[in-house]
2 protein chains.
Amino acid sequence: MLRSQMYTYSYPHPAVATDLCVFSLDEEFRLCVLLIKRGLKPYLGHPALPGGFIKVDEESLEQCAARELEEETGFTKAYLQQFGVYSSPDRDPREHVISVAYFALVERDSETPTAGSDASHADWVEVSKALHDDLAFDHATILADARAALIRETEQSPIVLQLMPDEFTLSQLHKAYEGIYGRELEPANFRRSLNKDWLVETGEYQRGHQRPAKIFRANPNL
Amino acid sequence: MLRSQMYTYSYPHPAVATDLCVFSLDEEFRLCVLLIKRGLKPYLGHPALPGGFIKVDEESLEQCAARELEEETGFTKAYLQQFGVYSSPDRDPREHVISVAYFALVERDSETPTAGSDASHADWVEVSKALHDDLAFDHATILADARAALIRETEQSPIVLQLMPDEFTLSQLHKAYEGIYGRELEPANFRRSLNKDWLVETGEYQRGHQRPAKIFRANPNL
DNA sequence: TCAAAAGTGTTTGAGGTACACCCATGT
DNA sequence: ACATGGGTGTACCTCAAACACTTTTGA
């Protein structure tokens, strides 16, 4: 470790960090968020959103969010979107910390994530449960806002596909949408409302205990 | 002036500011934005968005935006909405400045604004013209984003009323919507699409050179 | 042949667009 | 009376909700 060095400014500066709501789907295609257990003093032991401070003069907040995502969870190349800024002077007891919040969409399977990560304990928690956990700082508010932003974005773009595995059936996609919206969708209407340009058929079928379901892939051309 | 004092931190902090896109309507109900002429060195003399640095440990960004609005333009009690964050390390040549952008909606008439204000030269410029001015920093990008955010918000809430004078006709409101959307709207359909709960009739009529128009007021209960 | 999931068709109604039309006024 | 902007009615289209219906499999 290097000797501590001081950084001085002619007027006060706040600390600036990114907080990440990393979303994925579990085996049943329910919406989950990645929470870490805090290992440091304010809110020690509490579940919290991953995140970290910006590298001043080196990176933008988008880059900071992407870096933190990789450092803390191992995920790279995830979909990232900024959705909120939290700036109350007393939201962090240590100093005035302004937090810019992003949500990230990842597919759960691609490697075992959260392994080899900074945060010793990172866990996927169903979003509706996470909101009732005793999250550190104002992270419960941030998470609620993230879910709202995700819903809004889902209504007008195919980002849900960022959460899906490479291959999936329409029933699975259906469950994913229901999990995000938090309500049931008529299967027939769901199929029709779905923009077929977003998907391509693989030609394969998933054989189960009933009629086999067509297997789809996300359209590589957006 | 007090002696200069230094503020020190154990790791680098960025500067954090708010930038304001203050929108209003001109006599013809065209959308205008308030621009100041920079009196300081980077981009000296260029038109720019009003704004300023956050008071650390004292205020949130919302409060900072409201304060800057009042200090630089004299407007108080305006509608304020956050819509973007700009954080590229080199967007300001002096140091790494993270800017959180708000748009404000004001009615042009309520007192002469921009008088008694910090900024010696503040002027209303039609938005489409302002976008082609040589704005300081990345303010052209910010302004374009603000217009997009305003359109999105206009589509789903009655914020346009924040721009209107106390009393107005449907034709005037019609023009305001056309100015914001940047396209013409069928008068008949505009009337129908308008949520009548947002308005109350005054019972008065504006007499002009043709059929008199009903005069409305924004519904005080939202 | 039956249960259960996959997938299709059809009716209904809400909401938006286009456009024809009537109304009230000053000149 | 007529031009002009204020204001209404209506036909049409699209799209989403609801729900009845057919298909394909394993057991």
Side-chain angles (χ1 to χ4, degrees), chain A residues 25 27-30 151-158 160-161 164-165 167-219, chain B residues 25 27-30 151-158 160-161 164-165 167-219:
Chain A
L25 301 173
E27 326 75 40
E28 319 264 291
F29 293 86
R30 283 179 296 236
I151 290 173
R152 223 173 319 143
E153 190 63 31
T154 298
E155 281 166 350
Q156 43 191 5
S157 82
V160 186
L161 298 175
M164 301 299 289
E167 303 192 331
F168 52 87
T169 67
L170 290 189
S171 294
Q172 293 171 333
L173 187 57
H174 182 202
K175 280 184 209 158
Y177 270 93
E178 289 188 331
I180 290 169
Y181 287 142
R183 63 188 171 93
E184 301 199 337
L185 302 173
E186 282 280 334
N189 298 332
F190 166 74
R191 286 180 142 75
R192 243 188 312 277
S193 70
L194 228 173
N195 187 340
K196 294 287 280 189
D197 292 344
W198 295 350
L199 306 178
V200 287
E201 295 187 19
T202 60
E204 307 289 311
Y205 286 80
Q206 185 188 70
R207 307 187 68 80
H209 291 273
Q210 300 86 19
R211 175 173 174 173
K214 284 186 182 172
I215 294 180
F216 291 85
R217 215 185 286 278
N219 186 334
Chain B
L25 301 173
E27 325 74 41
E28 318 266 287
F29 293 85
R30 283 180 296 237
I151 290 173
R152 223 173 320 143
E153 191 62 31
T154 298
E155 282 165 348
Q156 44 190 1
S157 82
V160 186
L161 298 175
M164 301 299 289
E167 302 192 333
F168 51 87
T169 67
L170 290 189
S171 293
Q172 293 172 332
L173 188 57
H174 182 202
K175 281 185 207 157
Y177 270 94
E178 288 188 332
I180 291 168
Y181 286 141
R183 63 187 172 94
E184 301 198 336
L185 301 173
E186 283 280 335
N189 299 331
F190 166 73
R191 286 181 142 72
R192 243 188 311 277
S193 70
L194 197 71
N195 186 340
K196 295 287 279 185
D197 292 344
W198 295 350
L199 305 178
V200 288
E201 296 188 19
T202 61
E204 306 289 311
Y205 285 80
Q206 185 188 71
R207 307 188 67 80
H209 292 272
Q210 300 85 18
R211 174 172 174 178
K214 283 184 182 171
I215 294 180
F216 291 85
R217 215 187 284 280
N219 187 333

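FYI, side chains are in, hydrogens and waters are out, and symmetry mates aren't considered; it's all heavy atoms of this structure. Lettering of chains follows the sequences in order, A, B, ..., and the numbering in each one begins at 1.
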Rounding to an integer number of Å, can you tell me how far [X] [atom1] sits from [N] [atom2]?
X        : N      : atom1 : atom2 : answer
A/Glu201 : C/dA6  : CD    : P     : 15 Å
A/Leu173 : C/dG7  : CG    : P     : 12 Å
B/Gln156 : C/dG16 : CD    : P     : 13 Å

| Looking at A/Phe216 versus A/Phe168, is the centre-to-centre ring distance below 6.0 Å? | no
| task | For nucleotides 16-27 of chain D, just jot down a letter per nucleotide in 5' to 3' order: B, S or -, based on protein non-hydrogen atoms under 4.0 Å. | result | -BBB---BBBSS
| query | Do A/Leu173 and A/Phe190 come within less than 4.5 Å of each other through their side chains, counting heavy atoms only? | reply | yes
| query | Is there side-chain contact between A/Thr154 and A/Tyr177, with at least one heavy-atom pair below 4.5 Å? | reply | yes
| said: If I compare all heavy atoms of B/Glu28 with all of B/Lys175, which pair ends up nearest, and what's the gap? | reply: O-CD, 3.9 Å
| task | Using modelled atom types only, decide if a donor and an acceptor are shared between the side chain of B/Asn219 and the backbone of B/Asp197 within a distance under 3.5 Å. | result | yes
| field | B/Leu185 backbone acceptor or donor facing B/Glu178 side chain under 3.5 Å | value | yes
| Closer than 4.0 Å, any side-chain N/O of B/Ser171 to the OP1 or OP2 of D/dG5? | no
| task | Describe, as an angle rounded to 10 degrees, how the axis at the first end of the helix from C/dT1-D/dA27 to C/dT27-D/dA1 is tilted relative to the axis at the last end, five pairs per end. | result | 20°
